[in-house]
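This chain uses plain numbering: 1 for the first residue, then up along the sequence.
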Amino acid sequence: MSVLSDPRTLRRSTAGICLLAAPLVYVAGLVADPAIRQGGDTVGVYGRYPEQVSVSASLLHWSWVLLIPGIIGMIHLIQHRGVLFGHIAGGLALLGVVNFSGLMLGDFFYSRLERALPPAEGARLADEALADAGARLGFQIPGFAGLLGLFLLGLALAHARHAPWWSPFAMLAGILGAPIFPIGTSVGGLLYLAGSGVIGLRLLRMTDAEWSGEAVVQETADKPVGENLADTR
């Protein structure tokens, strides 16, 4: 049976592939960002390199979008242990991913304002727009809260024995450290890929029965009655 003809295989494969692809696209977007590569005083940089900003912002946007199917797949795996905690953490993670994706539009505004006005004035206006209370409360704070949710979701996944204990730490450290070019980008990118990729590979390698939870149910049903009773005490 092909991947496209079985919805379980399609969902599982999509989630796994997205968890592998998101870190790679994230690092590519950071490397394409002229301000991150330059460091220091970045006023006017976005205005001088609008094409690079366009590529960078688009890649970073898609790196967050690709996480959405991956997070949904992670939530799906939490079916027997820490279900409530995992679903709350997953919802918080999805909230943050959506908001970080929206924040990538700010790069286009910086680029346009720094070209249309004197660079310092354009950057100041863009800073003031993003410092607006609505931008902070509606996008920035929920975005960083979402990173906390992603970390907690990884812990819930580790508690459910679907991920190693170190994967959520690696993902969070990688996402936060990768914007520090160039060492942080290299080390952080590898950490992000390791933490997210190990979960993605597990999704790709598991069977559809394991994905749907049928394997666990069947394993419990196959145990002797006395052993089943012992497990429920």
Side-chain angles (χ1 to χ4, degrees), residues 15-42 45-46 49 52-75 89-90 92-108 110-111 130 139-158 162-204:
I17 291 171
C18 286
L19 285 173
L20 288 167
L24 299 176
V25 178
Y26 181 66
V27 172
L30 292 176
V31 172
D33 190 315
I36 287 178
R37 292 200 312 273
Q38 173 178 302
D41 184 7
T42 59
V45 174
Y46 277 11
Y49 305 103
Q52 295 181 34
V53 173
S54 180
V55 172
S56 170
S58 298
L59 287 173
L60 289 172
H61 157 71
W62 277 105
S63 75
W64 296 116
V65 170
L66 284 170
L67 260 186
I68 294 175
I71 291 172
I72 294 174
M74 292 168 67
I75 296 172
L92 187 61
L94 288 172
L95 176 68
V97 166
V98 170
N99 280 281
F100 269 139
S101 171
L103 280 174
M104 296 305 103
L105 285 174
D107 291 357
F108 293 99
Y110 273 96
S111 179
L130 290 179
F139 292 89
Q140 297 174 23
I141 293 177
F144 283 103
L147 291 185
L148 174 62
L150 182 62
F151 174 74
L152 295 176
L153 176 61
L155 292 180
L157 209 62
H162 287 298
W165 65 268
W166 52 265
S167 61
F169 295 92
M171 290 179 68
L172 185 62
I175 291 173
L176 295 177
I180 305 173
F181 189 84
I183 297 177
T185 306
S186 302
V187 176
L190 289 175
L191 286 173
Y192 186 9
L193 179 60
S196 178
V198 70
I199 301 173
L201 287 175
R202 291 196 178 196
L203 285 171
L204 293 174

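- With sequence neighbours excluded, no residue forms a ring-ring contact (aromatic ring centres under 6.0 Å, His included) with Y110.
- A 4.5 Å side-chain heavy-atom check between Q140 and L103 finds at least one atom pair inside the cut-off.
- In this structure the side chain of P164 reaches within 4.5 angstrom of the side chain of R202, judged on heavy atoms.
- S56 places no side-chain N or O within donor-acceptor distance of the main-chain N or O of L30, the cut-off being under 3.5 Å.
- W62 CH2: 12 or fewer foreign heavy atoms inside a 6.0 Å radius.
- Remark: N99 CG to L94 CG distance equals 11.0 Å, nearest 0.5 Å.
- Using modelled atom types, one side-chain atom of S63 and one backbone atom of L60 make a donor-acceptor pair closer than 3.5 Å.
- A 4.5 Å side-chain heavy-atom check between L157 and L153 finds every atom pair outside the cut-off.
- Of the possible polar contacts, one joining the T185 side chain to the A178 backbone as a donor-acceptor pair under 3.5 Å is found.
- The CD1 atom of I71 lies 11.0 Å from the CG atom of L66; values are rounded to the nearest 0.5 Å.
- Residue I75 comes nearest to G90 through the heavy atom pair CD1-CA, 3.5 Å, listed as atom of the first residue, atom of the second, then distance.
- Residues V27 and L193 are not in side-chain contact: their nearest non-hydrogen atoms beyond the backbone lie 4.5 Å or more apart.
- What you find for A22 and Y192 is that their closest heavy atoms are CB-OH, 4.1 Å.
- Between I199 and S167 the shortest heavy-atom distance is CD1-OG, 4.1 Å.
- In this structure, F151 places its CZ atom where more than 12 heavy-atom neighbours from other residues, nucleotides or ligands lie under 6.0 Å away.
- Checking side-chain atoms of Q52 against main-chain N and O of V55 turns up no donor-acceptor pair under 3.5 Å.
- Distance CG/L92 to CG/L147: 9.5 Å, rounded to 0.5 Å.
- Residue A35 comes nearest to T42 through the heavy atom pair O-CG2, 3.6 Å, listed as atom of the first residue, atom of the second, then distance.
- Between Y49 and D33, the closest side-chain pair of non-hydrogen atoms is not below 4.5 Å.
- Taking CG from L105 and OG from S58, the interatomic distance works out to 9.5 Å, rounded to the nearest 0.5 Å.
- Residue Y26 comes nearest to G174 through the heavy atom pair CE2-O, 4.5 Å, listed as atom of the first residue, atom of the second, then distance.
- Smallest separation of non-hydrogen atoms from V53 and S111: CG1-CB, 4.1 Å.
- Side-chain contact check for D107 versus Y46: some heavy-atom pair is nearer than 4.5 Å.
- For the atom pair CG of L172 and CG of L176, the computed distance is 4.5 Å after rounding to the nearest 0.5 Å.
- With rounding to the nearest 0.5 Å, the separation of CG in L203 from CG in L20 is 9.0 Å.
- By the 30° and 60° cut-offs, the orientation of the rings of W64 relative to F100 is parallel.
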